[in-house]
Every structure is written in structure tokens, then in C-alpha cells.
Amino acid sequence: MEPSEFIRGVSSLVQLRNGNGFVVDKSTFFPLLLKFSMHVTLLYPPRFGKSFTLSSAAVWFDHKTSTELFHKCFPSSALGAHQAQAFFVLRLDLSVDTSGGSADDIRKRLFRKIIGSLSLFCSRYGLTVKDESEGKDAFEYLRAVAAAARFSSHQKMLVLIDEYDRFFNKVLLEGSGCHLEPVALAELSRMVEPLCSLFETLKDISNDDDWEAFRTITAGVSPLAIAESSGWNCASILTPLKEFAGLMGFSESDIIAGIHHIEHIDADSHAHFLSLFRRFFNGYRFHPDAATVYNPTLCIFFLCRLKSAPDLCKRLLKHAENDDLALLGVIDDPNVNTSCSVLSLLGAAGGDGPVLLVIPNLIVRLRRVNALMASMNPAGNHIFREALIDPSADGLQAVFNGFLREPAYGSRVVLHQNFSEATFQMTMARTLELLLRFLPVQVILLETEVCLPREHQTPGFADIVMRDSSGRHQIVLELKCVRVSALDYEDVALQEKAAHARFHQCDLWDYFDGLTVDRLRALRTRSAHQRYYRQACSVENVINQGIAQAREYAQGVRAVLPAAAGVKPDIHAFVVALVGTRVVVQEAIG
């Protein structure tokens with residue numbers, strides 16, 4: 001039966017098939033999953049189909065899956081395929097609630113979820129195991145259940161672990177700026193300890209007399225949760241392998257198939273709607289030589305909107321690129337937030353150079369624009385335009401301080417020990433580029449690391465230059481960054497907090513917010529760090545250095561741009577200094 005519905009928010013393959021929903025069958029990858037290692041890990045961005053893939057794998061591998069259900073779920077697969085219907089399947093979902101609880105509370109919640117899953121597993125496969133649910137250790141119960149499966153008549157067991165790092169990421173990443181509660185290292189270690197213990201237990205089970213019929217597949221967002229543990233060094237991460245580049249996400253052929261199932265989009269219009277999907281949802285690449293894939297959750301939302309709204313389809317046939325931002329509310333799923341997280345950015349191979357973080361597609365860029373505007377205040381669009389059309393130190397200061405309060409930056413980024421002047425320059429340049437792309441203003445071109453024209457005899461550089469097409473209206477920005485750890489504090493306790501900034505984010509953010517601009521400029525740099533600031537011993541000295549550099553560049557540009565029709569070139573130069581978590585902007589020449 002041809003699928004007739006685009007069903008959102010359902011990760012169960014069986015439910016989707018029963019509801020005659022649109023399904024992209026990934027079962028061709030399943031025989032390969034268990035060939036690489038006894039333990040495999042799948043790491044992908046949020047909302048990218050991990051739970052659906054594990055749900056599909058559970059049906060594929062389950063010894064109890066009936067012939068009828070197998071054919072219904074995998075109509076293009078043959079019974080008897082390698083490892084199909086070969087295992088007792090234990091499903092573990094580790095997405096426990098982390099709110100309002102200590103490390104011990106989280107451990108208890110995790111134990112209850114594991115014990116509940118083990119009880120269901122025993123019931124499904126008729127295994128008799130001593131009840132360990134009353135105050136017992138979940139991991140001992142897991143060992144007992146695995147032993148019962150091993151010595152049963154079937155002897156094969158597959159553990160599917162979903163959301164393995166969910167609670168860790170919630171603790172570590174939720175919140176923004178100074179609103180992120182500091183997490184003490186000891187408490188964080190205690191939260192991760194039961195997770196590490198789980199994987200150590202699974203590793204021990206597989207090592208018991210070399211039980212080769214024991215397998216695990218783990219899905220999550222990143223390897224951070226168990227990075228410090230040796231308990232799971234036996235697992236293989238399959239995400240970067242070319243063979244699995246298409247395991248998650250939709251391919252272009254999947255998008256075409258979806259469009260074909262929308263009756264009121266005629267064949268002549270298919271190419272136009274495919275171009276919209278390419279612009280808004282494509283761009284994720286998990287291997288340099290593989291084709292890009294589309295975000296499946298966002299694509300299903302858009303397909304659902306197209307199918308339910310013929311009038312929207314007619315409107316989109318007239319879509320032009322300058323309508324992109326206005327179209328965001330129509331095509332974007334408000335329940336999916338991937339734009340304000342570092343986890344939404346992907347590594348892009350840059351030839352033989354380093355891997356760069358990039359914003360993958362238009363829908364995420366548009367979300368970033370909205371988030372950046374909101375970070376400045378409800379009138380963010382107006383503030384940004386005014387800061388560029390009639391530039392002033394106050395206007396630019398409002399813009400840049402707003403950027404730093406946007407969740408993608410916030411204290412987690414600017415207080416990182418490796419956040420440097422080069423990082424600050426790149427971050428601000430990319431952010432300004434993004435806003436200029438979607439908010440048409442007088443300034444249309446942005447360049448970084450700009451040298452003075454050859455006609456000028458004195459060498460000069462500017463970090464960022466924004467100008468119009470004629471080059472006669474320019475905004476020159478010289479960026480400086482004085483890290484929190486490079487400052488000399490009178491308070492010894494504050495100095496210690498600055499040395500371990502990521503564990504004291506709120507305190508440091510509050511400290512810098514409480515300083516007047518004069519006090520901020522008077523802060524002294526530590527002697528051990530002064531070599532990075534050309535021996536400048538205070539923030540004031542660093543800003544003055546920037547003023548001299550910006551003024552030299554601006555004066556050089558004025559010298560080589562003659563007045564046109566009696567009007568001198570309109571050149572504005574500013575120093576933008578990030579001091580701890582605050583931005584100070586001073587005009588160098590106007």
C-alpha cells in the first residue's frame with residue numbers, strides 16, 4: 001500500500017506502518033551494523049532519526065518478529081537476510097529527567113528505567129530471573145538477565161541503547177549565558193558515573209567466556225558523556241565511515257518520493273519544490289566523499305504542511321529568495337530547536353586544512369538571524385540597521401553585547417580557555433555576514449583581515465571592514481579580546497574562579513556586568529599574559545593599541561580615496577574589545 005500520510009512526532013516503525021505513514025526504509029544498513037564490531041555507536045545531531053533507526057533495528061533483529069510484521073515493516077527486504085530475526089532484543093532508553101534532583105536522584109531514575117526495561121525483556125522472551133527490582137542494583141540485574149539469555153535455547157542477545165547521553169547533555173548544555181547553572185566537577189562526575197558503570201557492565205558481559213553472540217548498538221549526540229571512561233573503549237563509532245554516510249537523514253531521492261505523494265503538486269512543479277528542500281533543509285555531510293543529506297524531522301514537517309495546505313503550495317510556486325526570512329514561520333517546525341546549539345553545526349572538510357564548523361543549511365541560518373535579533377531586544381532589527389547606517393560606539397556596543405547573550409555564544413563559549421582574539425574575530429565576522437545576508441542595509445560587503453591599498457606607503461590592516469559597493473562608505477572594526485584568565489583581580493577568590501572559568505560562569509558574568517565602563521577599562525592584565533597584548537598592562541592600553549591600528553587603516557583609506565563631487569569618503573573606525581564577558585566599543589575615527 002502506498003503511504004498516504006506524513007506523520008510527525010512518531011519514532012516507532014510499527015506505528016508508522018500501521019498508520020500508513022511515509023517511511024524511509026534504512027534496513028539495507030542493518031546487516032552491516034554488526035559486522036564492524038560487537039559494540040557500535042551512532043552519533044548524530046538532535047532530531048535526526050536516531051530513535052526511529054533503533055526502533056526499526058529492533059523489529060529487524062527481533063527473534064519474536066512475526067513473518068507478517070516483518071513483511072509489513074520491510075516490504076523490500078527478504079526473510080532470512082543476514083542476522084534478521086536472530087536476536088533477543090533489549091531496548092534501553094536512557095532519557096531520564098534531570099530536573100530538580102541530585103546526582104543520587106538521577107542515578108535512581110536511571111536504575112528504575114533500566115530495571116523496567118529488563119522486566120519487559122524477560123517477560124517477552126519467557127526468561128526466568130530473580131526479581132531485582134526492589135532496591136537492588138540495576139547492573140547486577142542486567143548481568144543476571146544476560147546470563148539467562150545466554151543459556152537459553154536461543155543464545156543471542158542484542159542491546160539497543162537510545163539517548164545514551166541525553167541526561168548528560170541536558171545538565172551540561174541547557175541554559176544560556178549567565179543563566180546556565182554552574183556544575184561542579186565532582187557533581188558532574190557523579191552524574192556520569194552510573195552511565196560509565198552501565199557500559200562497563202555491558203563490556204564485562206561480552207567478555208565473559210567470549211560471548212560472541214552478544215551485541216550492542218548505542219545512539220546519541222556526542223562522545224562527551226563517556227570520553228573520560230575506559231569502560232567503552234571497545235565500541236566502534238560508525239558515523240564517520242563512508243559505508244554509513246546515508247544511515248541517518250533523507251537522501252534527495254527520499255525527498256523526491258515524498259513530493260510525489262502530494263496529489264496537488266503537479267509533475268511540472270516537482271523541480272521547484274525540490275529546489276526549496278535543497279535550499280532550506282540540505283547540507284548535512286557525514287563523510288567528505290558522500291552526498292549530503294536532509295534533516296528528516298524538518299522535512300517531514302514541511303511535507304506535512306504541503307500536503308495539508310494546497311494554498312501554501314500555490315504561494316510557494318511564486319517564492320523568491322528575498323522572501324526567505326518571511327517564509328520561516330511557514331516552513332519551520334517550532335518544536336525543533338537546533339539553531340542555537342553547537343550541536344547543530346557540522347564539520348566540513350577544508351581540503352588538507354582543519355575541519356571547520358559550518359551552519360549547514362538555510363533553515364538553520366534563518367533561525368540564527370531571528371535568535372540574534374532577539375538577543376539585542378525586541379527592536380533588534382532596527383538596532384542593527386541603525387548601527388550600520390549611522391554607526392556609533394553605543395549602537396555597535398548594543399549589537400555586540402547582544403550577540404554574546406545569544407545562546408550559541410554565551411558564557412560557555414566566551415569563558416572557554418581557548419577562546420582567543422582570532423576566535424572572537426571569526427565569530428563576529430560570521431555573525432555579521434549572516435545578518436547582512438538577510439537584513440538588507442546600506443552596507444553590503446564584509447571582508448576580514450583587510451590590507452591597506454597598495455597606493456598607501458604604510459602597511460596597515462583591519463580585522464573587519466564593511467562597505468558599500470563604491471567603497472566610499474566604510475565601517476572599520478579592530479577587534480581585541482582580553483580573556484577572563486588574563487586579568488589581574490584584587491579578589492583572590494575571583495582570581496581562582498577566573499582560572500577555572502567554566503565552573504564559575506554565573507559569578508564571572510555577574511562580576512563583569514556589575515562594572516562600569518571606566519572600571520572595566522582600568523582592569524590590569526596579568527604579567528604572564530602581557531606578551532600576548534604587546535606588553536599592555538591594562539585594558540585601557542589594549543584599547544588604545546586598537547585605536548591606533550584602526551585609525552591608521554582609516555586614514556590610509558581616506559588618503560587613497562579622493563573626494564567625489566566635493567564629498568569626502570565616509571569612513572568610520574571603531575575598536576571592539578571583548579573584556580571577560582563584556583564588549584567595550586570606542587570610536588577611533590569618525
Side-chain angles (χ1 to χ4, degrees), residues 33-34 36-44 50-51 53-54 57-58 61 87-98 103-104 106-121 132 136-150 156-173 185-241 244:
L33 282 174
L34 304 186
F36 281 83
S37 172
M38 293 178 67
H39 309 287
V40 299
T41 303
L42 309 175
L43 302 176
Y44 291 89
K50 296 182 292 295
S51 296
T53 299
L54 290 190
F61 290 110
F87 291 87
F88 287 175
V89 178
L90 169 63
R91 300 187 64 182
L92 297 178
D93 182 346
L94 305 187
S95 56
V96 298
D97 182 15
T98 61
D104 288 336
I106 293 174
R107 179 187 182 92
K108 290 176 182 177
R109 293 168 191 166
L110 181 64
F111 273 23
R112 284 196 293 269
K113 291 208 76 169
I114 293 174
I115 289 171
S117 298
L118 290 169
S119 298
L120 289 174
F121 177 81
E132 299 282 347
K136 300 295 183 180
D137 191 300
F139 304 138
E140 290 303 316
Y141 191 19
L142 174 57
R143 291 179 189 274
V145 169
R150 179 177 185 181
K156 288 187 174 183
M157 181 174 177
L158 171 64
V159 182
L160 302 177
I161 306 169
D162 195 14
E163 305 277 15
Y164 99 91
D165 56 348
R166 175 72 176 275
F167 78 88
F168 176 84
N169 289 336
K170 282 172 71 68
V171 170
L172 195 64
L173 296 177
L185 182 59
E187 184 74 359
L188 185 60
S189 298
R190 291 182 65 203
M191 289 179 177
V192 178
E193 184 269 330
L195 185 64
C196 295
S197 296
L198 169 62
F199 287 114
E200 287 166 3
T201 301
L202 293 170
K203 182 178 178 180
D204 289 344
I205 291 171
S206 64
N207 288 339
D208 286 345
D209 298 324
D210 297 323
W211 185 15
E212 295 184 358
F214 181 77
R215 297 283 193 276
T216 68
I217 302 175
T218 302
V221 171
S222 79
L224 294 176
I226 53 174
E228 299 302 320
S229 171
S230 62
W232 208 228
N233 54 13
C234 58
S236 299
I237 299 177
L238 302 186
T239 310
L241 300 182
F244 295 96

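Bear in mind the structure is a predicted one, so any value in this text is a computation, not a measurement.
With a 6.0 Å cutoff to the six-membered ring centre and a 45° limit on the axis angle, K156 counts as a cation-pi contact of F87.
Summarising the geometry of G220 relative to D165, their closest heavy-atom pair is CA-OD1, 3.4 Å, with the distance given to 0.1 Å. Counting all heavy atoms, side chain and backbone alike, S197 lies closest to F139 at CB-CE1, 3.4 Å. Residues T41 and A235 come closest through the heavy atom pair OG1-CB, 3.6 Å. Looking at every heavy atom in both residues, S37 comes nearest to C234 through OG-O, 3.6 Å.
Distance CG/L118 to CG/L92: 6.5 Å, rounded to 0.5 Å. With values rounded to the nearest 0.5 angstrom, R91 atom CZ is found 12.5 Å from I161 atom CD1. Residue S95 holds its OG atom at 4.0 Å from NZ of K113, rounded to the nearest 0.5 Å. Taking OG1 of T216 as the reference point, atom CE of M157 lies at 10.5 Å (rounded to 0.5 Å). Taken from CG in L202 to CG in L142, the straight-line distance is 5.5 Å, to the nearest 0.5 Å. The CG atom of L90 sits 8.5 Å away from the CG atom of L158 when rounded to the nearest 0.5 Å.
Counting only heavy atoms from C-beta outward, the side chains of R150 and F88 never approach each other to under 4.5 Å. Contact check for Y164 versus L198: no side-chain heavy atoms found under the 4.5 Å cut-off. No side-chain heavy atom of V221 sits under 4.5 Å from any side-chain heavy atom of E163. Put simply, the side chain of L33 reaches to within 4.5 Å of the side chain of L238, judged on heavy atoms. Y141 is not listed as a side-chain neighbour of D137, based on a closest heavy-atom distance of 4.5 Å or more. Taking 4.5 Å as the limit, every side-chain heavy atom of H39 sits out of range of all side-chain heavy atoms of V159. V89 is not listed as a side-chain neighbour of F121, based on a closest heavy-atom distance of 4.5 Å or more.
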Take F61 and L160 through the side-chain contact (heavy atoms from CB on, under 4.5 Å) test and state the conclusion after the steps.
-> CA-CA 10 Å; F61 290 110; L160 302 177; 5.5 Å; no

Kindly determine whether I217 and L42 satisfy side-chain contact (heavy atoms from CB on, under 4.5 Å), including the steps that lead there.
-> CA-CA 7 Å; I217 302 175; L42 309 175; 3.9 Å; yes

Under the ring pair (Phe, Tyr, Trp, His ring centres under 6.0 Å) rule, what do F244 and F36 come out as? Steps first, then yes or no, please.
-> CA-CA 11 Å; F244 295 96; F36 281 83; 5.3 Å; yes

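Salt bridge K203/E200: absent, no basic N to carboxylate O contact under 4.0 Å.
Listed for the D162 side chain is no donor-acceptor partner under 3.5 Å among the backbone atoms of D93.
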